[in-house]
Participant: 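First, the structure itself, so that you have it in front of you.
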Amino acid sequence: MRTGIFVGSFNPFTIGHDSIVRRALPLFDRLVIGVVGDNVHKPDMPSAEERMAVIRELYADETRIEVKPYQGLAMDFAKAEGAQFIVKGVRTVSDFEYEQWQADFNRRLGGIETILLYTEPELASVSSSALRELQHFGVDVSEFLPKKSK
């Protein structure tokens, strides 16, 4: 069984994250979305359970997707889930450089390959941190949050 993981804090889970999940899904028999557990460095972040509930609802009809909390290294989470691949989205050159060294360590130390999916051009500016900042100033960001398919 080909299993991949897609990990992040997903605060919030954006249309960019949804794009990566939907584009990665055909590559796997099982895709586990790993939500970083409660992080003491970000005290205003919704709990992992709250963030997971949003994602679970979004993919409730997709049996190949599981949503789970995780702590620690992505490669350790991948091993625990029996995953051979970590899926990452890349928007910019700086994203690529960061993911490149992470992918090297995940492969060398954990035997886990990384699959990079480039962001669709129209989603390149969408980021969780940008949405949080807009929300802070009272901007409605709902157009950047995925809706459940009917």
Side-chain angles (χ1 to χ4, degrees), residues 3-28 30-78 80-81 83 85-106 110 112-150:
T3 299
I5 64 165
F6 179 47
V7 297
S9 59
F10 305 122
N11 178 32
F13 192 84
T14 71
I15 56 176
H17 296 129
D18 180 57
S19 170
I20 297 297
V21 168
R22 294 188 188 283
R23 291 167 47 220
L25 193 56
L27 304 173
F28 302 105
R30 176 174 167 252
L31 182 63
V32 181
I33 300 173
V35 177
V36 173
D38 298 330
N39 186 333
V40 295
H41 301 294
K42 297 179 182 177
D44 295 335
M45 184 162 51
S47 73
E49 279 303 321
E50 290 173 279
R51 290 175 281 133
M52 287 189 307
V54 169
I55 300 167
R56 282 185 180 128
E57 173 63 24
L58 189 61
Y59 301 113
D61 298 331
E62 180 49 71
T63 59
R64 294 176 295 159
I65 295 177
E66 298 175 32
V67 182
K68 298 183 175 186
Y70 92 97
Q71 300 285 344
L73 299 173
M75 71 177 158
D76 292 337
F77 181 63
E81 290 299 321
F85 304 95
I86 297 172
V87 176
K88 295 299 208 105
V90 177
R91 291 178 305 226
T92 63
V93 171
S94 59
D95 283 354
F96 177 81
E97 289 173 345
Y98 178 76
E99 297 301 344
Q100 182 180 20
W101 72 259
Q102 276 198 341
D104 185 46
F105 281 114
N106 289 333
I112 308 295
E113 288 293 338
T114 300
I115 296 175
L116 299 178
L117 294 178
Y118 293 97
T119 301
E120 296 173 275
E122 66 273 15
L123 301 178
S125 64
V126 178
S127 74
S128 293
S129 55
L131 296 189
R132 286 193 309 275
E133 184 167 347
L134 290 168
Q135 286 175 315
H136 174 78
F137 289 103
V139 175
D140 176 12
V141 298
S142 59
E143 72 179 277
F144 303 105
L145 304 176
K147 313 291 186 279
K148 184 172 174 141
S149 299
K150 295 180 181 178

Participant: Is the side chain of Arg51 donor-acceptor paired with the backbone N or O of Pro46 at a distance under 3.5 Å, no angle test?
Facilitator: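 Yes, because the side chain of Arg51 sits within donor-acceptor range (under 3.5 Å) of the backbone of Pro46.
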
Participant: Hey, could you give me the CG/CD1 distance between Asn106 and Ile86, rounded to the nearest 0.5 Å?
Facilitator: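 Reported value, rounded in 0.5 Å steps: 4.0 Å.
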
Participant: Taking side chain to side chain donor-acceptor pair (under 3.5 Å) as the definition, give me every residue that meets it alongside Tyr59, ordered by chain and number, with sequence neighbours left out.
Facilitator: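 Only Asp18 meet the side chain to side chain donor-acceptor pair (under 3.5 Å) criterion with Tyr59.
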
Participant: To the closest 0.5 Å, what do you measure between CD1 (Ile15) and CG (Leu145)?
Facilitator: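 Those atoms lie 8.0 Å apart.
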
Participant: What are the two closest non-hydrogen atoms of Leu31 and Ala24, and how far apart are they?
Facilitator: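 Heavy atoms of Leu31 and Ala24 come nearest at CD2-CB, 4.4 Å.
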
Participant: Taking the side chain as every heavy atom from C-beta outward, state whether Phe10 and Ile33 have any pair of such atoms under 4.5 Å apart.
Facilitator: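 Heavy-atom side-chain distance check passes, below 4.5 Å.
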
Participant: Can you give me every donor-acceptor pair (side chain of residues 120-128, partner residue at least two apart or in another chain, under 3.5 Å) with its distance?
Facilitator:
from	atom 1	to	atom 2	distance (Å)
Glu120	OE1	Ser19	OG	2.4
Ser127	OG	Ser129	OG	3.4
Ser127	OG	Ala130	N	3.1
Ser128	OG	Pro12	O	2.7

Participant: Would you please name every residue forming a ring-ring contact (aromatic ring centres under 6.0 Å, His included) with Tyr118, sequence neighbours left out?
Facilitator: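 Here no residue qualifies.
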
Participant: Taking atom CD as the centre, does Glu62 end up with more than 12 heavy-atom neighbours from other residues, nucleotides or ligands that are less than 6.0 angstrom away?
Facilitator: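 Atom CD in Glu62 is crowded, with more than 12 foreign heavy atoms closer than 6.0 Å.
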
Participant: Please name all residues satisfying side chain to side chain contact (heavy atoms under 4.5 Å, CB included) with Asp95, sequence neighbours left out, ordered by chain then number.
Facilitator: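 If we apply the side chain to side chain contact (heavy atoms under 4.5 Å, CB included) test to Asp95, skipping adjacent residues, the hits are Val90, Arg91, Thr92.
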
Participant: Does a side-chain heavy-atom distance below 4.5 Å link Phe77 with Val32?
Facilitator: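 Yes, close enough: below the 4.5 Å cut-off.
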
Participant: With under 30° as parallel and over 60° as perpendicular, where do the rings of Trp101 and Phe105 fit, or are they tilted in between?
Facilitator: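 Answer is perpendicular, since the angle exceeds 60°.
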
Participant: Going by heavy atoms in the side chains, are Phe13 and Val21 under 4.5 Å from each other?
Facilitator: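 Phe13 vs Val21: side chains touch.
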
Participant: Only counting residues at least two apart or in another chain, list the ones meeting side chain to side chain donor-acceptor pair (under 3.5 Å) with Glu99.
Facilitator: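 Only Lys88 meet the side chain to side chain donor-acceptor pair (under 3.5 Å) criterion with Glu99.
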
Participant: So do the side chains of Phe144 and Val139 get within less than 4.5 Å of each other, counting heavy atoms only?
Facilitator: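 No - every pair of side-chain heavy atoms lies 4.5 Å or more apart.
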
Participant: Determine the minimum heavy-atom distance between Ser142 and Lys147, stating which atoms define it.
Facilitator: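 Closest pair (atom of Ser142, atom of Lys147, distance): O-NZ, 2.6 Å.
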
Participant: Quick check for you: to the nearest 0.5 Å, what is the distance between His17 atom NE2 and Thr119 atom OG1?
Facilitator: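 The distance works out to 9.0 Å.
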
Participant: So, do Gln102 and Met75 sit near enough that their side-chain heavy atoms are less than 4.5 Å apart?
Facilitator: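 Result no, sub-4.5 Å side-chain heavy-atom pair not found.
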
Participant: Gln135: which residues meet the side chain to side chain contact (heavy atoms under 4.5 Å, CB included) condition with it, sequence neighbours left out?
Facilitator: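 So Gln135 forms a side chain to side chain contact (heavy atoms under 4.5 Å, CB included) with Arg132, Val141.
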
